[in-house]
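Every heavy atom of this structure was used, including side-chain atoms; hydrogens, water molecules and symmetry mates were not. Chain letters run A, B, ... following the sequence lines, proteins first and then strands; every chain starts at 1.
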2 protein chains.
Amino acid sequence: MQARNTRQKQIVDKVMGKATRPLTVHEILAGGKKFLPSLGLATVYRELNRLVETGEIQTVTIPGDPPRYEIAKQHHHHFKCTKCDNVYELEGCLKEITKLVPKGFKAESHDITLYGLCRACA
Amino acid sequence: MQARNTRQKQIVDKVMGKATRPLTVHEILAGGKKFLPSLGLATVYRELNRLVETGEIQTVTIPGDPPRYEIAKQHHHHFKCTKCDNVYELEGCLKEITKLVPKGFKAESHDITLYGLCRACA
DNA sequence: GTGCATGCAAAGGGTTTGCACGCGC
DNA sequence: GCGCGTGCAAACCCTTTGCATGCAC
């Protein structure tokens, strides 16, 4: 069952690729409908899940928010503006995070989310 | 509309207070039913939402997991074991986190979640 | 022509809400 | 007795799934 490169999939990829910040499912659907009005929600979900499984995109989960999706890239973290609700990508990471790991525990990965005001809202 | 201190509410508080780790809604309901079998899911949700609003408890959100709840306490973070799926509380925090904030942004708070193996599973 | 991908609609899981009953005051 | 809190069931929202159609090859 080799994947077919249909118009729908190309459009989901295209919308994702253009994004400068993580997008919600509905933003992706709305963006895709501009190119193919018949695009369905189920197809967007199916394509997103496929892309997550193959590791091409990543899910960004912010408590209280719907999931967002972004092109997979180097390890990084996120900043959620509490005023405009946009989510931004942050560069860098903290090696000091190992200090939090209790004795006997073995950390493999981590997520960091910052909250506050973005440049435009501050 | 001053709140009444009903049996149901006392039981939700009691279950939360006994917990040594964040609990899911269904764990709280199951725990409460041991004391009051007629306890309903809607009441648990209503009481939890009230306690979150008053700041008495906090929601712990782990991507891909149902929300958990814990008694509000000093600032801390969480560790999710990828094998047994339990969530543990971590002590301490990282002042270095300010290094991640971009210029012009104003950070107010943050969440850190570690993933890996707990002591029992490592 | 064959078969997978799509769109629709229904199903599913988790959470909230409307309503009538009954307990707490 | 009055009114809020409760339990039930329905409603909601988000996501997944079943199925018939139709496009890609």
Atom pair distance, as rounded to whole Å: CZ in B/R68 and P in C/dG14: 13 Å
Heavy-atom side-chain contact between B/N86 and B/C118 under 4.5 Å: no
N-O pairing of B/E53 and B/R50 below 4.0 Å: no
Touch class at under 4.0 angstrom, heavy-atom based, for B/P67 against every strand present: sugar-phosphate
Nearest-Å distance for atom pair CG/P, residues B/L48 and D/dT6: 12 Å
Euclidean distance, atom CG of residue B/N5 to atom P of C/dC25 [Å, nearest integer]: 8 Å
Passing option when B/E27 is tested against B/K18, B/K34, B/K33, B/R21 for salt bridge (charged side-chain N to carboxylate O under 4.0 Å, His left out): B/R21
Candidates C/dC23, C/dT17, C/dT6 - which lies nearest the side chain of A/Q8: C/dT6
Of residues 25-44 of chain A, the positions that come close to DNA chain C - non-hydrogen atoms, cut-off under 4.0 Å: A/S38, A/L39, A/G40, A/A42, A/T43
A/L39 versus A/L29, closest heavy-atom pair with distance: O-CD1, 3.7 Å
Connected hydrophobic set around A/L100, excluding itself, where side chains approach under 4.5 Å: A/F79, A/Y88, A/L90, A/L94, A/I97, A/V101, A/F105, A/I112, A/L114, B/F79, B/Y88, B/L90, B/L94, B/I97, B/L100, B/V101, B/F105, B/I112, B/L114
Under 3.5 Å donor-acceptor pair, B/R46 side-chain atoms to D/dG7 base atoms: yes
C/dT6 phosphate, OP1 or OP2, under 4.0 Å from A/T6 side-chain N/O: yes
Integer-rounded Å distance: D/dG22 C1' and A/R7 CZ: 16 Å
Sugar-phosphate only, base, or nothing, as touched by B/N49 at under 4.0 Å among non-hydrogen atoms: sugar-phosphate
Transitive ILVMFWY side-chain link B/Y69 to B/V87, under 4.5 Å: no
Atom-to-atom span, CD of B/E47 to P of D/dC4 - whole angstrom: 17 Å
Minimum-distance pair of heavy atoms, taken over all atoms of B/Q74 and B/H76: O-ND1, 2.7 Å
Closest listed nucleotide, where the reference is the side chain of B/R4 and the choices are D/dG5, C/dT6, C/dT16: D/dG5
